[in-house]
Amino acid sequence: MTANTTASTAAPSAPAPRILIVYTGGTIGMTEDLATGALVPFSFDHLMKNVPKIGRLGYELDHVELDPPIDSSNMSPAVWAQVAKMIADAYDDFDGFVVLHGTDTMAYTASALSFMLPNVAKPVILTGSQLPIGEIREDGTENLITALQIAAARTADGAPMVQEVAISFGRHLWRGNRSTKVSSTNFGAFRSFNYPPLANMDLHIDFHERLLLRPAPGKAFAPAYAMEGAVAVAFLYPGVTEAVLRPQLEAPGVKGLVLRTFGAGNAPTEQWFTDLVAETVKAGKVVVNVTQCPAGGVEEKRYATGDALARAGVVSGLDLTCEAALAKLMHLFGRGLPAAEVSAAMRTPLAGEMTVL
Ligand code: ASP
């Protein structure tokens, strides 16, 4: 028995896998605007016409789409809710879901969907591409076909191989809420620095089964669409001033804040800064400490500069990505929880997004 399992789609006698494609836009379906030469989102039909071999998979495919499709720079919590609802409404009728999405904010959407679709027991696979399908040289065709195969893959027992929100891109399948876009040019556009790939896609699709998330036993799939938009991100840098930071932390209406800190979760110990953070927490806002380092996480007690934040009431984001921290805050406040409960829930993994030792 090896730890890895090569993808097996349904046996020839089994019914064809039913996969719903959710087309939101992104480069994968773009074409050039003849007037400006810039890439703009285009129709799902155009995309499908350029991948005739998709029929050879033998799957039952259907699709839903955003109207109009968007560049993912225009993604928002309201559109996440639309996408989550498209999946939830079709949940019982399909074996898996492939979400076609622009790469720019795919990691945010994957994080958001992982919290909006709690206890999902079917694959929700996001993919896109760096070059549009239809160009002579492109990565979209392979990414789309591979995502469909991953959505159709089954375990030896016939259960869905992937039962979580994941990003399939280039040669890797990543947990969605652990992922970050790392390159605007490389065909391997995503990485998850704090969790290994869920699968490697080379000659075979090799799943690392022990790394895959499974829904908590006895817990039902229970979509939650509300996301609180009054959540922000503040970024520290050497020389940051009170004049720059105070308006961000005191922004009216903001309920939660991701504070991007240095290294193991460290921040300046100047009095104005410590006071400002303590005042923000006292004002009832949830401040979450997330490191600017792509890999590793917050260890507040390691340095006095991090400990000061903990003492001011800042919540450790451990090894959360910024994308996941932001989406998790939006989700928890969206559930209507008071600040104290949000703070407590930020420390507990909801969908495999953080490592609690
Ligand atoms: N701007 C595009 C988007 O995020 C980039 C891409 O899809 O790669 O929609």
Side-chain angles (χ1 to χ4, degrees), residues 21-51 54 63-84 86-87 97-114 116 124-148 150-151 165-174 176-192 201 227 233 294 321-324 326-327 330:
I21 300 176
V22 180
Y23 177 53
T24 71
T27 297
I28 192 162
M30 288 190 182
T31 54
E32 227 174 76
D33 179 316
L34 293 178
T36 64
L39 288 172
V40 288
F42 203 55
S43 74
F44 183 77
D45 289 347
H46 156 84
L47 194 150
M48 283 296 125
K49 266 191 213 117
N50 281 287
V51 204
I54 209 168
H63 86 280
V64 285
E65 56 190 302
L66 290 184
D67 184 18
I70 60 173
D71 184 300
S72 77
S73 303
N74 287 317
M75 195 43 83
S76 67
V79 184
W80 290 336
Q82 254 179 285
V83 173
M86 285 170 171
I87 294 167
F97 303 86
V98 168
V99 181
L100 301 182
H101 194 289
T103 58
D104 290 347
T105 64
M106 191 185 290
Y108 290 89
T109 299
S111 298
L113 290 178
S114 77
M116 297 168 98
V124 176
I125 311 298
L126 284 85
T127 197
S129 64
Q130 296 279 36
L131 287 169
I133 278 182
E135 294 207 353
I136 297 172
R137 217 181 124 256
E138 45 93 1
D139 55 332
T141 300
E142 187 176 323
N143 283 350
L144 171 57
I145 300 277
T146 305
L148 288 166
I150 288 169
V165 178
I167 290 181
S168 168
F169 212 95
R171 296 175 48 221
H172 300 287
L173 181 71
W174 305 108
N177 56 30
R178 294 282 196 156
S179 304
T180 298
K181 181 171 177 180
V182 290
S183 174
S184 60
T185 53
N186 199 295
F187 282 165
F190 291 89
R191 280 276 309 267
S192 150
M201 291 90 82
M227 294 294 264
V233 180
T321 62
C322 176
E323 294 91 325
L326 188 79
M330 288 179 168

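Counting convention: from 1, in listed order, for ligands and their atoms alike. Nothing fancy with the numbering, it's 1 onward along the sequence. Just so it is clear, the structure is predicted and the values come from calculations on it, not from any experiment.
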TODO: Describe, in one word, how the ring planes of H63 and F44 are oriented to each other, choosing from parallel (under 30°), tilted (30 to 60°) and perpendicular (over 60°).
DONE: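 Answer is parallel, since the angle falls under 30°.
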TODO: Please state whether the rings of H46 and F42 are parallel, tilted or perpendicular, taking 30° and 60° as the class boundaries.
DONE: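 Plane angle over 60°, so perpendicular.
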Task: Residue pair T127 / L100, side-chain heavy-atom distance below 4.5 Å - done: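 Sidechains of L100 and T127: in contact.
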Task: Minimum side-chain heavy-atom gap Q130-T27 below 4.5 Å - done: no
- [ ] Indicate whether any N or O donor in one side chain lies under 3.5 Å from an N or O acceptor in the other, for S73 and D71.
- [x] yes
Open item on the list: Please classify the S129 to ligand 1 contact at 4.0 Å (heavy-atom distances, strictly less than): side chain, backbone, both or neither.
Closed with: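 The part of S129 near ligand 1 is the backbone, not the side chain.
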Task: From L131, D71, T27 - option closest to atom 5 (C) of ligand 1 by heavy atom - done: T27
- [ ] Can you sort out which atoms of ligand 1 are near G26, meaning under 4.0 Å from one of its heavy atoms?
- [x] 7 (O), 9 (O)
Nearest-contact summary for [atom] - protein heavy atom, Å:
| atom | value |
| --- | --- |
| atom 1 (N) of ligand 1 | D104 OD2, 2.7 Å |
| atom 4 (O) of ligand 1 | S72 OG, 2.5 Å |
| atom 8 (O) of ligand 1 | T103 OG1, 2.4 Å |

TODO: Flag T105 as yes when one of its N or O atoms lies below 3.5 Å from any N or O atom of ligand 1, and as no otherwise.
DONE: no
- [ ] Say whether K181, considering both its backbone and side-chain N or O atoms, lies within less than 3.5 Å of an N or O atom on ligand 1.
- [x]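 No; every N/O pair is 3.5 Å or more apart.
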TODO: Please say whether more than 12 non-hydrogen atoms of neighbouring residues, nucleotides or ligands are located less than 6.0 Å from CD in E138.
DONE: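 More than 12 within 6.0 Å, yes.
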